[in-house]
Structure formats: structure tokens, C-alpha cells
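The next block holds one structure in the form of C-alpha cells; read it before the comments.
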Amino acid sequence: APGSHLNSSSGINAEYGGVMNEELEKYSDTSKLKTDLERKRVALTEEKEQILGTRSASQSNLATLQAEHDELKATLEENETYIQLSNLEKKWQHLEQNNQLVKDFIANKSQESDYVPLKSQVQKQIAQLNTMLQQTLATAATQ
């Protein structure tokens, strides 16, 4: 068992040493690292300038479109047909709400005044009472 610990330790050390050697080799060439970093910095600077240019153009385009939208909206709001249509839509919406309220009221009153189930129940009770009365009369007549 003590030998296996040494074997696994030496395996880990060899692996770690290999990684360290790769990293030493990679980072030992500082001029290459500086060149790579400079290329990356230039590329990022160009990308930033391009994005800022696009942003500026987009903001300008947005401002133009917003002004056009506001102008069209103002023109529309001054249009007599639009004003009438808006008023009619509001009136329609109000009528729809009233219509729904009336429908609900009618449905509730219809339920309240539905006497058919009660009528049939009362008729059954009357029939039972008549039968009982007839039996009582028949019994009283025989006595």
C-alpha cells in the first residue's frame, strides 16, 4: 500500500510538471505575447469605433423616426374622421358594457323566476295529500 501512494503521487507530479512545462513554454516568449496582445487591442479598438459609429447612426435614425411619428400622430389627432371614430369606439365600448350588464341582469331574473321545478314539487305534494284524503274518507265511510 505505501508503494501505491508513491506511484499515484509521482503520476500527479508528472502530470502537474507537464502542465507547468507547457505553460512555461507558452509564457516564456514575451515578445510573441506582446504582439498578440497588441493585435487584440487594435482589433478591439476598431470594433469599438465601429460599434460607436453604428450607435451614433442608430440614434440619429431613431430621432428622425420619432419626429416623423410625432408629426403623423399630431396630424391624425387633428383629423376630424379620426376624432369621430375615436368617440364612436368609446361609445361602442360603453354600450357593450351596458349590454353585458343587462344580459347578466336578465339571466339572474330568469333564474329567480323559474318556478317549473317548484310547480312540479307542489303538484306531487297535492297529489299525495289528495290520496291521503281519499284514503281517510274511504276509511271513515266504512266505519
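The CD atom of Gln134 sits 8.0 Å away from the CG atom of Leu137 when rounded to the nearest 0.5 Å. Separating the CE atom in Met132 from the OG1 atom in Thr139 is a distance of 11.5 Å, to the nearest 0.5 Å. Going from atom CG of Leu95 over to atom CG of Leu88 covers 10.0 Å, rounded to the nearest 0.5 Å. Atoms CG and CG, on Leu33 and Leu37 in that order, are 6.5 Å from each other to the nearest 0.5 Å. Asn130 CG to Gln125 CD: the interatomic distance, rounded to the nearest 0.5 Å, is 12.0 Å. One distance of note links CD of Gln123 with CD of Gln128; it measures 12.5 Å at 0.5 Å rounding.
For the pair Asn79 and Thr81, the tightest heavy-atom approach, listed with the atom from each and the gap, is OD1-N, 2.8 Å. Shortest non-hydrogen contact noted between Ser120 and Pro117 is OG-O, 2.9 Å.
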- request: Check step by step if salt bridge (charged side-chain N to carboxylate O under 4.0 Å, His left out) holds for Asp36 and Lys40.
  value: CA-CA 6 Å; Asp36 289 347; Lys40 189 168 189 173; over 6 Å; no
field: Check against side-chain contact (heavy atoms from CB on, under 4.5 Å), Gln97 and Gln100
entry: CA-CA 5 Å; Gln97 288 174 347; Gln100 188 60 44; 5.9 Å; no
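Listed by first then second residue, pairs satisfying salt bridge (charged side-chain N to carboxylate O under 4.0 Å, His left out) with a partner in residues 65-91 number zero, not counting sequence neighbours. Judged as a side-chain hydrogen bond (donor to acceptor under 3.5 Å, both in side chains), not a single pair has a partner in residues 52-65 (not counting sequence neighbours).
Among residues two or more places apart in sequence or in another chain, the side chain to side chain donor-acceptor pair (under 3.5 Å) test is passed with His94 by Asn98.
Looking only at side-chain heavy atoms (C-beta outward), Lys103 and Ile106 stay at 4.5 Å or farther from each other.
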